[in-house]
Amino acid sequence: MQRSRNIKLLGLLVALILATMLAWLATRPEDKLKISRSIFAYENPSAINRVTFTGNNDTVELIYNGRQWKVNGQYEADPQRISVLFAILKQMRVRRRVAKQQQGVIVERFKNDGMEVAFFEGDDKVHDFYVYGEEESRLTYVAESPESPAYIVEIPGYRSYLAGIYQLDKNGWRNPVAFDINWANLQSVKVIYPGREENSFDVVYGNSFYKISQLTATDTTKLTDFLDDVSLLYVNDYLNEDEEEQYSQIIKAIPQASVQVTDVAGRIHTLEVYDVLPDNRQIMGRIDSTDYVILNLNETRKILRPKSFFEKKKE
């Protein structure tokens with residue numbers, strides 16, 4: 001009786017082991033790669049002067065004009081993100097092939113949400129692939145075409161979400177610097193507070209340094225910090241038309257302040273500052289009377305000082 005029970009248990013154990021092995025064989029990833037792990041990398045991207053990102057609804061184009069990268073031929077591109085793009089392109093390696101039973105699902109995701117990325121040297125397409133990412137799992141899938149075998153890629157030693165750089169829209173590629181100025185090309189700054197003109201002021205260059213023209217004595221330490229804050233102000237996000245509609249009540253109001261920066265070539269760059277957003281961490285703005293943007297509230301407040309803030313105290 002006991003022996004019979006043991007034989008049955010042994011048989012059940014063997015059946016479970018076989019079932020486990022069959023399940024593993026059916027679901028295991030394709031570990032034995034028949035391709036180079038660097039198949040999707042491009043080792044020397046220095047000659048690439050155009051990149052396109054084509055999805056189902058839109059195409060974003062990055063073009064190098066010999067001096068700088070432009071987004072869709074219209075906006076200055078973020079140089080840091082350009083550097084990240086090419087660093088990923090050089091170092092991207094295949095971790096493993098997608099399991100066979102997942103391939104059909106990934107094919108559909110490539111078709112519905114994937115992005116074709118193409119790199120050009122002049123008019124010649126020198127490299128391309130399809131990419132799809134799952135932000136929650138931080139996994140990036142790449143294939144030669146939506147129907148081709150898909151692979152999970154990575155940069156060895158890093159747990160970065162590589163697909164994020166490929167999935168940026170045109171606004172995500174734009175240079176986030178609010179004012180393209182530095183100490184070498186700055187001529188003047190004008191801060192205007194509508195309805196509170198007593199707080200408005202002009203920063204101009206004096207005999208040897210900048211000063212507030214409306215003050216007899218300027219605190220140069222505070223003014224230096226202010227000019228640094230102006231040059232280092234970054235945009236959190238550029239708004240598209242749908243997002244502008246979402247914030248229409250804020251946009252319709254009169255700006256609480258306007259900052260005008262003039263460079264040595266006489267070009268005037270403006271930032272109109274509106275109201276604080278509901279999260280109380282960001283604030284609405286508009287650059288050059290064209291692009292509505294979201295800015296960090298604390299960083300923006302640093303450039304919205306009243307004139308009296310810069311008055312040098314008498315010793």
Pi-cation contact, Y238 with R174 (under 6.0 Å, within 45°): yes
V117 and T52, any side-chain heavy atoms less than 4.5 Å apart: no
From D228 atom CG to I303 atom CD1, the distance as rounded to the nearest 0.5 Å: 12.5 Å
Distance in Å, E121 CD paired with N44 CG, rounded so as to fall on 0.5 Å steps: 8.0 Å
Minimum-distance pair of heavy atoms, taken over all atoms of G122 and N49: N-OD1, 3.0 Å
Side chain R196, main chain Q256, donor-acceptor under 3.5 Å: yes
Transitive ILVMFWY side-chain link F309 to L227, under 4.5 Å: yes
Neighbour count >12 (heavy atoms, 6.0 Å) for atom CD, E43: yes
Partner set under side chain to side chain contact (heavy atoms under 4.5 Å, CB included) for D288, not counting sequence neighbours: H269, T270
A41 versus K90, closest heavy-atom pair with distance: CB-O, 3.7 Å
Side-chain touch S200/I192, heavy atoms, less than 4.5 angstrom: yes
Nearest-0.5 Å distance that lies between atom NZ in K312 and atom OG1 in T221: 8.5 Å
Any donor-acceptor N/O pair, D291 side chain to I287 backbone, under 3.5 Å: no
Inter- and intrachain pairs under salt bridge (charged side-chain N to carboxylate O under 4.0 Å, His left out), touching residues 238-247, at least two apart: none
Heavy-atom pair of closest approach, residues R95 and E154: NE-OE1, 3.1 Å
Exam field: side chain E116 to backbone Y130, donor-acceptor pair closer than 3.5 Å: no
Listed partners of Y210 passing ring-ring contact (aromatic ring centres under 6.0 Å, His included), at least two apart: W183, Y205
Donor-acceptor contact present, side-chain E197 to main-chain G195, <3.5 Å: yes
Ionic contact status for D263 with R267, cut-off 4.0 Å: yes
Which atom of E144 lies closest to which atom of I39, heavy atoms considered: OE2-CD1, 3.6 Å
Residue pair T140 / M92, side-chain heavy-atom distance below 4.5 Å: no
Side-chain heavy-atom pair D78, Y234 within 4.5 angstrom cut-off: no
Validation row: V60, N72 side chains within 4.5 angstrom (heavy atoms): yes
Flag, side chain of D169 to backbone of N171, donor-acceptor distance under 3.5 Å: yes
Nearest atoms (heavy-atom pairs only) where S231 meets V177: O-CG1, 4.3 Å
Side chains of V259 and L233 in contact at under 4.5 Å (non-hydrogen atoms): no
Close side-chain approach of K211 and V204, heavy atoms under 4.5 Å: yes
Partners passing ring-ring contact (aromatic ring centres under 6.0 Å, His included) against Y247 (at least two apart in sequence or in another chain): none
Joint cluster assignment, I294 & L168, ILVMFWY side-chain distance < 4.5 Å: no
Test: R50 and E61 ion pair at under 4.0 Å: yes
Q74 vs K170, side-chain contact (heavy atoms from CB on, under 4.5 Å): CA-CA, chis, key distance, verdict: CA-CA 10 Å; Q74 185 177 3; K170 67 176 182 181; 5.7 Å; no
Worked verdict on E147 versus F110 for side-chain contact (heavy atoms from CB on, under 4.5 Å): CA-CA 8 Å; E147 295 82 8; F110 272 127; over 6 Å; no
Co-membership, hydrophobic cluster, residues Y161 and V142, 4.5 Å side-chain: no
Short side-chain to backbone donor-acceptor contact, Q167 and Y132, under 3.5 Å: no
Interatomic spacing from CG in L223 to CZ in R305 - rounded to 0.5 Å: 12.0 Å
Parallel, tilted or perpendicular: rings of F226 and F310 (30°, 60°): perpendicular
S36 OG to F40 CZ distance, which is reported to the nearest 0.5 Å: 10.0 Å
R301 atom CZ: more than 12 heavy-atom contacts under 6.0 Å: no
Connected hydrophobic set around V264, excluding itself, where side chains approach under 4.5 Å: none
Backbone of K222 reached by a side-chain donor or acceptor of D225 within 3.5 Å: no
V105 with I152, same ILVMFWY side-chain cluster at under 4.5 Å: no
Y64: partners by ring-ring contact (aromatic ring centres under 6.0 Å, His included), with sequence neighbours left out: W69
Between OG on residue S145 and CG on residue D128, distance to nearest 0.5 Å: 9.5 Å
Centroid-centroid under 6.0 Å between F129 and Y151 rings: no
Test item: W173 and L85 side chains (from C-beta on) under 4.5 Å apart, heavy atoms: yes
Enclosure of Y158 OH (heavy-atom neighbours >12, cutoff 6.0 Å): no
Atom of Q214, atom of D202 and distance for their closest heavy-atom approach: NE2-OD2, 2.6 Å
Shared hydrophobic cluster, F53 / I63 (ILVMFWY, side-chain heavy atoms < 4.5 Å): no
Check against side-chain contact (heavy atoms from CB on, under 4.5 Å), F179 and V189: CA-CA 11 Å; F179 298 106; V189 178; over 6 Å; no
Criterion side chain to side chain contact (heavy atoms under 4.5 Å, CB included) against V261, the qualifying member of L186, V203, N185: L186
Pair E76 + R81: basic N to acidic O under 4.0 Å: no
Under 3.5 Å: donor-acceptor pair, side chain of R37, backbone of V94: yes
Whether T218 side chain and I212 backbone form a donor-acceptor pair below 3.5 Å: yes
